[in-house]
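So you know, we letter chains A, B, ... as the sequences are listed, proteins then strands, and number each from 1.
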Amino acid sequence: MTRYLLRRAGFYALAAWVALTLNFLVPRLMPGDPASVMFARFQGELDPEAIDALRETFGLTDAPLWQQYFSYLAHVAQGDFGTSVVYFPAPVSEVIGSGLMWTVFLAGIAVVLAFVIGSTLGALSAWWRGGFLDSLAPPILSFIGAFPYFWLAMAAAWLFGFELGWFPVRHAYGLDIEPGFHLAFFGSVLKHAFLPALTMVVVALGGWLLSMRNVMLGTLGEDFVNYAQARGLSKRRILVHYAARNALLPNVAGFGMALGFVLSGALLTEIVFSYPGQGYLLIQAVRGQDYPLMQGIFLTITFAVLGANWLVDLLTALLDPRTR
Amino acid sequence: MIRGFLTNKKALAGLVVVCAIALTALIGPFLVQDPTAFLARPLLPPNWDHWLGTTGQGQDVLAQTVVGARLTLTVAVATGIAVVGLGALAGGAAGYLGGRWDDGLSLLINVFLVLPGLPLMVVIAAWLPPGPLTMFAVLSLTGWAWQARVIRAQVLSIAKRDFVAAARVTGESSLRIVAVEILPNLASLLVSSFIGATVYAIGAQVGLEFLGLGDVSAVTWGTNLYWASNDAALLTGSWWTFAPTGLGVALVGFGLTLVNFGIDEVTNPRLTAQRAVGKPGQPPGPTPVLRSSNG
Amino acid sequence: MAEPLLVVQDLSVGYVQGDGSVIRAVEDISFTLNRGETLGLCGESGCGKSTLVYGLLRTLAAPGAVLGGSVMLDGHDLLAMHDEGLRKLRWKTASIVPQSALNALNPVLTIRAHVRDTLVAHGEFSRDVAERRGAELLRMVDIDPVHLASYPHELSGGMRQRVALALALLFEPPLIVMDEPTTALDVVVERSILRRVRELQERLGFAMLFITHDLALLMELATRIGVMYAGRMTEIAPVAAFRGGGMHPYTHGLFGAIPPAIGEDRIPTSIRGNAANIAAPPSGCRFHPRCDHAIASCSVDVPALTRCAPNHTVACPIVTGTDA
């Protein structure tokens, strides 16, 4: 098991290196001088020495490419992603840090809930194949799943926020509440997270349901289900510990893979709700042509996804004795 | 197989929806008002002159929705083709050549699969001049890995079969083996990959344009939503500025997904083999006893 | 001693097709198995021997269905029983040793969990009892009880089949179905397992339904042998009656196909033609297209099982001389 996890960690290290290198190469492969594009917004705001310092951070100096590359890697390794334009003069790492917890909180809850609920519904659909749940849930949820995340978020914000006034549609907590360890704050946070989380869960549900249903239909035809029946095991035991437990394994592996995709949807959802996470920062960066912030967000989210993937591998290893 | 496909209810329903929208995108723009002209007061709710109301700039929402479909779907289809092409190239080479080629390509595929798509697209798109070509390039570059993975698995299983092994032993050229033995067996997967890639391209494109990374002066589904959001559709409660476009996206996506379910069911009978015995909705249980009255 | 344990009459089992039509894989089978006896069921692959046995125990997976007849096991009318009654009866009156224990055991559960699940299903919840009984059973089949903690994939093929045998003995049922339990193993392992099976049978007195295509093996192991062809019983008699090669032309063919023992002066022969297609079986006697003795009426009349000696019945009018 340790060897398996180490091998996976090696793979993620490689993926992280690819992301870092892409991040370095993309501006340099583009037409024009990346430095002048990147710092166009700084003109007049920064004195030339400060701009030179920034050039140094991004390795956009006149040095040979490989020297630029190592200078860039060294800065990233120290957590230095440069200075934000939009939030000038705050360093990018600080700006990102302020929004990271919110994204981890919101997207984390939504992704896990969608996976758990979707897989459960998928398992039950396959178990009662052709029954009530199986004829209703898959078509309805795949239709909902066809909507863009942020569009459903807009619809939900309009209906439950604007028309019905049940939930707040902006920010992560009421602006009249002092953040801290008290109930009013937590209540406000949950209330603000409800709609964004709901729309993310609802969109992602159909995908998990269908993939679990399909795997489960195959599992129900396996010998070990039949053999369990022959031993007189209860239906409940067979459903949970024989069929669903085994059908879950490929889905957990798929969970890691889908994480990046789902997170992309989560970022757009944050924008609709002005939720102060990475997505909201991302749109600020795009609007303000804040390249340092954009790149910082890309790297941060990539590292977060790789880390989460490794945790999923750990889970797989715990669930499936054959990988140990 | 094609007959089975056309008698499949899901596939047929999906095909009808997709064709209807494709037709609208093709002919519709000649029938509606100028989507960029400022025709009326901003944010008019749906009325007789403007069936779907007007935008925050006083443009006709119906016209924008219909005209927007054209560019969005064109880019999506082009991306779908490119993604399947790249995927087939990478996945096919990995699966067919095997060995070190497979190791290297699989690693590359897996790395691109695990990198989060949207932030990567943003980082690339932000450096390029906004427009459909940028969109096409960015979506193709970031979307190929998933299809490559699926195609690799399929090619790997075909290449293992006896008739391919036999062709290799008898010394047929690789080109001939790929064209005659492998491609025909890959056809349905390539079609469903293309459909899947197109659905992905619509969603990702609309998302990027919503972020403002498209050409905001062009009329596409993504920019429609970008402007709806910018013009404070939510704060003014003008649902008609974003609802029609979203429905369009969802209908195309759902229609295409239905077609893919249909293909899946026709080529993969295990999914359709209804439990013919006993009542539907019954969990697995003892073998049923069916005593026919005449025997 | 000759007390009937299992009485099967006119049993038909089949598979329901997607369009509602039925493939009758097993037709009108009748036999009786006495307590402590071993009935061997023999025939080519696809002759319906497994379908027959799983059908009569009602553990045939969908789309299988019992199409008619009656099955009395230990005084219970199996075909009239409902889910829960049948579930409680399972494993206590009849257990199964499957062909591939690797497929029949749940890959994510330990051997201990398999023992415990089965005990819990029949009302024994104590962990201590499960531990003790599990260890005892493994010792009975020559496996170190430390393997209670093993997962199926960690055991060798022979060990897995032994574990399956141990599980079948859990409640010491009066009937154990052996579904080609040693087909996948090498001869040395097969011998040692079958020797243990025989010893256990002498000690515990269970009856066996032994499915195999290996007629030579049955000659050593069985009390009686039933030969099946294309879903019908062609001949059923005590082992002694088969010493001379049996009476039915198909039985002759099967004996002819057995490889000669060392020193035996004989060339193995094969039966001409291919096994009958069970979805569209030949008319009359299903064996007639491959039979060297067939006469015109064979393709018209379905031969009845006819007694030609005490305990010996054959479904062939030519050899029994009942041809009109």
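Only the side chain of A/I271 comes within contact range of chain B, with heavy atoms under 4.5 Å apart. Looking at B/A204, there are no atoms closer than 4.5 Å to chain A (heavy atoms on both sides), in backbone or side chain. Only the side chain of A/L210 comes within contact range of chain B, with at least one heavy atom under 4.5 Å from a heavy atom of that chain. Only the side chain of A/N23 comes within less than 4.5 Å of a heavy atom of chain B; its backbone N, CA, C and O stay farther away. In this structure, the portions of A/V272 lying under 4.5 Å from any heavy atom of chain B include both its backbone and its side chain. Only the side chain of A/N309 comes within less than 4.5 Å of a heavy atom in chain B; its backbone stays farther off. Neither the backbone nor the side chain of B/L256 comes within contact range of chain A; no heavy atom of the residue lies under 4.5 Å from a heavy atom of that chain. Only the side chain of A/L22 comes within less than 4.5 Å of a heavy atom of chain B; its backbone N, CA, C and O stay farther away.
Among B/L128, B/L115, B/L120, B/I124, the residue with the largest count of heavy-atom pairs under 4.5 Å with chain A is B/L120. With chain B as the partner, the residue from A/I283, A/L152, A/I238 showing the most heavy-atom pairs under 4.5 Å is A/I283.
Atoms CG and CZ, from B/L213 and A/R287 in turn, are 10.5 Å apart once rounded to the nearest 0.5 Å. Rounded to the nearest 0.5 Å, atoms CG (B/L118) and CD1 (A/I301) are 8.0 Å apart. Considering CG of A/L267 and CG of B/L211, their distance stands at 8.5 Å, rounded to 0.5 Å.
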- Task: Show your working on side chain to side chain contact (heavy atoms under 4.5 Å, CB included) between A/L159 and B/W239 and close with a plain yes or no.
- Result: CA-CA 9 Å; A/L159 182 65; B/W239 53 270; over 6 Å; no

- Query: Does the pair B/V114 and A/Y12 meet the rule for a side chain to side chain contact (heavy atoms under 4.5 Å, CB included), with working shown?
  - Reply: CA-CA 9 Å; B/V114 83; A/Y12 296 127; 4.1 Å; yes

- Message: For B/T257 and A/F143: C-alpha separation, side-chain torsions, deciding distance, then whether side chain to side chain contact (heavy atoms under 4.5 Å, CB included) applies.
- Response: CA-CA 9 Å; B/T257 308; A/F143 181 63; over 6 Å; no

- Message: Determine whether B/L107 and A/F11 satisfy the following criterion, side chain to side chain contact (heavy atoms under 4.5 Å, CB included), listing intermediate values before the conclusion.
- Response: CA-CA 8 Å; B/L107 194 63; A/F11 167 72; 3.8 Å; yes

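At least one side-chain heavy atom of B/L225 sits less than 4.5 Å from a side-chain heavy atom of A/W151. By the 4.5 Å heavy-atom criterion applied to side chains, B/F210 and A/P148 are not counted as neighbours. In this structure the side chain of A/M154 never reaches within 4.5 angstrom of the side chain of B/T241, judged on heavy atoms.
Checked against the 6.0 Å centroid criterion, the rings of B/W127 and A/Y291 qualify as a close aromatic pair.
A/M294 and B/A126 make their closest contact through SD-CB, 3.3 Å (heavy atoms, listed as atom of the first residue, atom of the second, distance). Scanning all heavy atoms of the two residues, the minimum distance from B/V206 to A/F150 falls at CG1-CZ, 3.3 Å. Here the shortest heavy-atom pairing between A/A146 and B/F254 reads CB-N, 3.6 Å. For the pair B/G285 and A/K235, the tightest heavy-atom approach, listed with the atom from each and the gap, is CA-NZ, 4.2 Å. Looking at every heavy atom in both residues, B/P119 comes nearest to A/S264 through CD-OG, 4.1 Å.
A/Q295 contributes no side-chain N or O that, together with a main-chain N or O of B/V123, makes up a donor-acceptor pair within less than 3.5 Å. Not a single donor-acceptor pair under 3.5 Å links the side chain of A/W158 to the backbone N or O of B/S238.
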